[in-house]
Amino acid sequence: MRLYNTMTNQKEDFKPIEENTVKMYVCGPTVYNLFHLGNARPFIIFDVLRRYFIYKGYDVKYIQNFTDVDDKIINAANEAGITSKELSEKYIAEYLTDAHALGIHDADANPKVSEHIKDIVGLIEDLVAKGFAYNVDGNVYFRVSAFPEYGKLSKQPLDDLMSGARIEVNDEKENPLDFSLWKKYKEGEPYWDSPWGKGRPGWHIECSAMSRAYLGETIDIHGGGQDLVFPHHENEIAQSEAANGKPFVKYWLHNGYINVDDVKMSKSLGNFFMIRDILKEFDPEVVRLFILSVHYRNPLNFSDESLKQIESGLERLYNVKNDLLFKIEHAQNIEMSTDEKQWTEALQKHIDDFEKSMEDDINTAKAVSSLFEMGKDINIHTDEHTSREALQAAYDCFMQPAKVLGLLAKSNELLDEDIQNLIDERQQARADKDFKRADEIRDLLKAEGIILEDTREGVKWKRS
RNA sequence: GGCGGCAUGGCCAAGUGGUAAGGCAAAGGUCUGCAACACCUAUACCCCCGGUCCGAGUCCGGGUGCCGCCUCCA
């Protein structure tokens, strides 16, 4: 497995710290709102990476936090006249609803800031004790000048950062680059006790603290969107490495943005599309396939048109799956011929292609194409290979990569008796060459969202 | 200003220096009672100009255009 490491700006061979184990931390949502398509990209990408590691037999420890203490949450809660806790609980539930709809598996843990104040305070104490942080009247800041490697992830020379830094209104800091670890209590904000008085954690410290609490001082993979590289991840490195005296992360993975009209989708620009709204119009797997159809580090342009294209492609994959199921149902229980054996073994080539793509820096776009190629292979040969065993083998083979990608999870439910009766009636009409009646029934069912296809083995149906 | 990314057929999009994957759409055909599905067929001077090389979409230099980070942001 090769992964592009933001730290070194190149693809590197993945070697886990512990044999056969992957420790992953992915920055989760700040829960003050529903999440949008841009937010969904890392969730889906890293979900697929995690699934792939599991598929390859790794023991994956996957942590994704919920930021439930934050300025935006406080503001939104005050506006709504509820507590921060009430607001964040609501949006955690909403996050899970959308994430589950998108087929994103739950992390092994979703730690919340509000439940890890002790870990956070402990980490800040370590930093203060080692001279990497200082307290000014209840506000604690990280002393950037004490950490010479600051800027190594974003490749920002310290001097440039200094000169580019905004003029601070706050002159408590020793240096404008110093950032908040602990914020002194203000009226109307949630607070906890600490050695520096009442207050709450700054934004960056939570990931360092919770990552250490759940995964240890050095982890394999840390993921997130490119916009987190600076300052968030840069600050995480400073905090963790200063406190622990050890490397924090082996591989830094950052996904590209989702654009609208070639401009970054973001809340501040207001050009975002909520997952909730997209799912009113499109199947969640369309969203998944859309995101996976482009390499994760490239920009991905969103439009209704592109989702429609993807929708048609997904339908093609479902046709392969459902054709196979239909044929398996109608197949004969005869022994696999030598020919069939050879063919089912040859299908393995597509699995190999799939794995090769995935292992080349998670090239899901290419991985998806091998799924399409396998589908075509199956469509071509499925007429000549008719034993149940061969068809079942093809099905199992086809579903393997699909499962890693989190696609093709839906199955055709059973039909109502009324509809089955109509289908039977239409078959009789066709046998009687009453094509007018047959077409009538087909149109009727089509209007109800059921599409009929006549095949050698009988009538197939699917939902439109 | 500093750091970084991108430019491939009508649209989307892969591409490890050796004469361009895959998907969508449109066209013709096969199959079908008609369809649908599926299959078959045709379809790309890889933004421009130089350079290296037997050979470059792929490497180097220079342009042009677009985007991102440097401030909350996936």
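Here is the naming used below: chain letters follow the sequence lines, and residue numbers restart at 1 for every chain. Note that these values count all heavy atoms, side chains included, but never hydrogens, waters or copies made by symmetry.
Between B/U16 and B/G4, the distance separating the two C1' atoms is 23 Å to the nearest Å.
Scanning for side chain to side chain donor-acceptor pair (under 3.5 Å) contacts around A/Thr6 gives A/His254, with sequence neighbours left out.
A donor and an acceptor atom, one from each side chain of A/Glu79 and A/Asn75, are nowhere located under 3.5 Å apart.
Close to B/C6, at under 4.0 Å from its OP1 or OP2, lies no side-chain N or O of A/Asn298. A sub-4.0 Å separation between OP1 or OP2 of B/A38 and a side-chain N or O of A/Asn319 is present.
In this structure, the nucleotide among B/C6, B/C73, B/C34 sitting nearest to the side chain of A/Lys264 is B/C73. Checking B/C69, B/G33, B/C24 against the side-chain heavy atoms of A/Gln309 singles out B/C24 as nearest. Across B/A35, B/C72, B/A14, the shortest atom-to-atom separation from the side chain of A/Lys366 is found for B/A14. Comparing atom distances between the A/Arg41 side chain and each of B/A74, B/A36, B/C40 picks out B/A74 as nearest.
The side-chain tip of A/Lys264 points at the ring of A/Tyr257 from less than 6.0 angstrom away and within 45° of straight on.
Note: NE2 (A/His381) to P (B/C40) measures 10 Å, nearest angstrom.
A/Phe35 and A/Phe43 have their aromatic ring centers within a separation under 6.0 angstrom.
Base pairing annotation: B/C69 forms a Watson-Crick or G-U wobble pair with B/G2, both donor-acceptor distances under 3.5 Å.
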